[in-house]
Amino acid sequence: MDILADLNPAQREAVEAIEGPVLILAGPGSGKTRVITHRVAYLVRVVGVNPRRIMAVTFTNKAAREMEARLNRLLSGSVKDLTLGTFHAICARILRRDGQAAGIDPRFVIYDDDDQISVLKKSLQEVGLDPKQYAPRAIQSAISSAKSQMITPADYLLHGRSYFEEVVARVYEQYEKRLAESSALDFDDLLMKTVQLFRQHPDVLQRYQERYLHVQVDEFQDTNLVQYELVKQIAAKYRNVCVVGDPDQSIYSWRSADLRNILNFEKDYPDAKVVLLEQNYRSTGKILEAASHVIAAARHRKPKDLWTENEPGQPPCVIETYTEQEEAQFVVGEIDRLVSGGEVTGGDCAVMYRTNAQSRVLEEAFIRYGMPYKLVAGTRFYERREVKDIIAYLRLVQNPYDAVSLRRVINVPQRGIGQRSLDELGQWASSRGVPEYRALQLIAESRDSADFPFSPRTVKALAGFAAMVGDLAERRREASMLELFDLVVERSGYRQYLAGLVDGEERWENILELRGVAQENRDLPPGEGLTALLEKVALVSDVDELEEKPDTVTLITLHQAKGLEFPVVFIVGMEDGILPHFKSIDDPEQLEEERRLCYVGITRARQRVYLVRAFRRHLMGSSAVNRPSRFLQDIPRHLVASSSVWEGEDSWSTPSSVEERKAAGGVGSAAFKPGDHVLHEQFGEGVVVSYRVVKNDAEVVVAFDGAGVKRLLLSFAKIEKV
DNA sequence: CGAAAGGCTCTTTTT
DNA sequence: GAGCCTTTCG
């Protein structure tokens, strides 16, 4: 099989450019996944590179799995030696192996968001601040952003400007202490500590540099500075680094993704070869055109011309409904119509939304209709209480110093250790400067209960818990994964505890399901299986769990939809305040990101797109009237089929508020309608794309025959109707 | 100490 | 509207 066959010239160029730095700018649907897998296959099969010497970073575990599957087909052989996975997973592996040099306990546990919050709350108290006054979430995000730029607490203290930043600096420092004490790393640590390890230990770095002859990174537009640094470090020796991305699809800046990475790439690697993939194989012509208009209206953007040989297809549909219930009803009804027309199956359809909260009404409609669906964030299996509890026990077995897990399960099932005792324990431990687990051990070892601020009964309970954890941790080294699992469930008393609960049976099922996941690691040596299980559990994402079911409609956030494609896509909540989200509307940068998000959504579609909005919608209890999304107005009218489900007539792009009607009146006869032909003294002839009232003026977007699409203010622009 | 009830806040996106 | 926290009572 010829690896280069069925690739277009640009794709082929991207695959064959194996020497030196390469930047592939790949528009949506341009065969990016093909290119990156074929590139690896080419390296192995044609160039003869040992898979061991290739690192391929993907954005999700799912993408990694898919790539592995494709490679298996292309190479009809083992690609096991390839380093393939997300940044986080790859870094966890590196730290587990080599982190000790930088003082990292190889038995570290990974703290997720919730764990972080609980450490932060505690840290806030410890530095004498009130968690109610300083939102732990805000501090978490500040710390995460700091870590993404490799800013340490000490740096932060130096550079802190505002009072809030000073607060963050103090909490950050304490937070780091607590993490260290628990032998825990948060998500950002996985990346940052790896970079630090490499900086402090050139010998370790060198081993990785020697090994990785080729480094490849997907979704490069969504990498942050640490990730960039990491790639730079590892690829420094051979400089065979290939990054693939699309600035127009950058939607994770809130997670510290930094578009400068793409821009700096050409600066850091002046000899970089740049390949543009502009032919779209995914969407029909009209969908692509509509999407292009949405993104073309972005303010800061390198223009890029996407084109396709696909059929023009059906125009995107813009639909208005009265409420979000009707919106959901429309979606379900329309899917039903398409499916019974034999055109598509339910599995071909996806419903995308800006916020998770929007999924509920949709779910209700699907349930009422009896139409099967899957909610991507809905499984959230690892977030169920009982599952988290057992994981907490397992984490303690891995690492008894994990204070968050200790606190979580010390009294589940109840052991008579209440809040008061826990507070005392915390204080006693920190007064002695020891981790809480160590404190428990000391309490257990001591004969004289008068040394502690606890009742004899509490002392007994605490000591009992410490003994149990200690015993289980002892077994880690020799017991198999499943033995360990069963031991935990028994010894903790969790099984009996569930047996006594009304919904105990259902929860027990979940434990068994978790046991099934653990079973996948049963062939690993003792200890390693547990480590692998915990790592997997910590680093899965919701999309990773997305499975293909032929008749089930996918309900998914726009963010999660990145990288996926569906024949039929519904984007709901096309309203100002939802998409773009109201939190982003005032900040031009964030607004641009919302636009890109919209673009990502539309470009997921192969055959059909529906852009749906509700006139009235419940938000936080009360009901609000929202205007149509401003992004709708960037799509030329002639490209869409629009209809209003609730009035029989569409009011799209007509001014809706009183002020606007007034303003529109003020502009008077100069008003333009989409579709009007106009003449501009400089740009020549064109067609009005949209007309929108802004403050005391109006903004007209015109597609000129020669000069392209321009955005003009009516008061300045010299245009007239022809 | 634990369960139940009431009151509070805040709502974006997630590896 | 929900989840989280606090309060209250047993």
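Protein chains get the first letters and strands the later ones, always in sequence-line order, with residue 1 at the start of each. This one's a predicted model, so the numbers in the text were calculated from it and none came from an experiment. All values below were derived from every heavy atom in this structure, side-chain atoms included, with hydrogens, water molecules and symmetry-related copies excluded.
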Heavy-atom contacts, protein to nucleotides 5-12 of chain B, under 4.0 Å, summarised as B (base), S (sugar-phosphate only) or - (none) per nt, yield ------BB

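Counting non-hydrogen atoms of other residues, nucleotides and ligands closer than 6.0 Å to CD of Glu364(A) gives a total above 12. Within 6.0 Å of CZ in Arg260(A) there are 12 or fewer heavy atoms belonging to other residues, nucleotides or ligands. Atom CZ of Arg301(A) sits in a crowded spot, with more than 12 heavy atoms from other residues, nucleotides or ligands closer than 6.0 Å.
What separates NZ of Lys193(A) from P of dT15(B) is a distance of 22 Å, to the nearest Å. Taking atom CG of residue Leu191(A) and atom P of nucleotide dT14(B), one finds them 18 Å apart after rounding to whole Å. Here the P atom of nucleotide dT14(B) and the CG atom of Asp222(A) are 13 Å apart, to the nearest Å. Between Lys122(A) atom NZ and dC5(C) atom P there is a gap of 16 Å when expressed in whole angstrom units. Here dC5(C) presents its P atom at 11 Å from CG of Asp114(A), a figure rounded to the nearest Å. Tyr252(A) places its OH atom 6 Å from the P atom of dT14(B), with the value rounded to the nearest Å. Between the CZ atom of Arg384(A) and the P atom of dG3(C) there is a distance of 14 Å, rounded to whole Å. When the P atom of dT14(B) is taken as reference, atom CD of Glu219(A) falls 15 Å away, rounded to whole Å.
Between the side chains of Asp402(A) and Tyr111(A), a donor-acceptor pair is found at a separation under 3.5 Å.
A salt bridge is defined here as a Lys NZ or Arg NE, NH1 or NH2 lying under 4.0 Å from an Asp or Glu carboxylate O, and Arg255(A) with Asp222(A) fails to meet this definition. One finds no salt bridge joining Asp186(A) and Lys193(A) here, because no Lys/Arg side-chain nitrogen approaches an Asp/Glu carboxylate oxygen to under 4.0 Å.
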May I have the step-by-step check of side chain to side chain donor-acceptor pair (under 3.5 Å) for Tyr228(A) and Asn264(A), ending in yes or no? CA-CA 10 Å; Tyr228(A) 185 77; Asn264(A) 285 342; 5.8 Å; no

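Looking at the side chain of Lys121(A), the nearest of the listed nucleotides dA3(B), dC5(C), dT15(B) is dC5(C). Comparing dG2(B), dG1(C), dT15(B) against the side chain of Arg360(A) picks out dG1(C) as the nearest.
Paired regions of DNA chain B, where each region holds three or more successive Watson-Crick or G-U pairs whose two hydrogen-bonding distances fall under 3.5 Å, are B:1-10 with C:1-10.
The residue Lys62(A) sits apart from the nucleic acid: no heavy atom pair falls under 4.0 Å. Asn411(A) comes within contact range of the sugar-phosphate backbone alone, with a heavy-atom separation under 4.0 Å but no base atom that close. Among the protein residues, Ser421(A) comes within range of the sugar-phosphate backbone only, with heavy atoms under 4.0 Å from sugar or phosphate atoms but none that close to a base.
Shown here are the ring pair (Phe, Tyr, Trp, His ring centres under 6.0 Å) partners of Tyr134(A), two or more places apart in sequence or in another chain: there are none.
Below 30°, between 30° and 60°, or above 60°: for Tyr322(A) and Phe615(A) the angle between ring planes is below 30°, a parallel geometry. Classification of the Phe570(A)-Tyr610(A) ring pair by plane angle, with boundaries at 30° and 60°, yields parallel.
Place Gln560(A) and Thr458(A) on DNA chain B by their nearest nucleotides, and Thr458(A) ends up nearer the 5' end.
To the nearest whole angstrom, the two P atoms, one in dT13(B) and one in dC4(C), are 15 Å apart.
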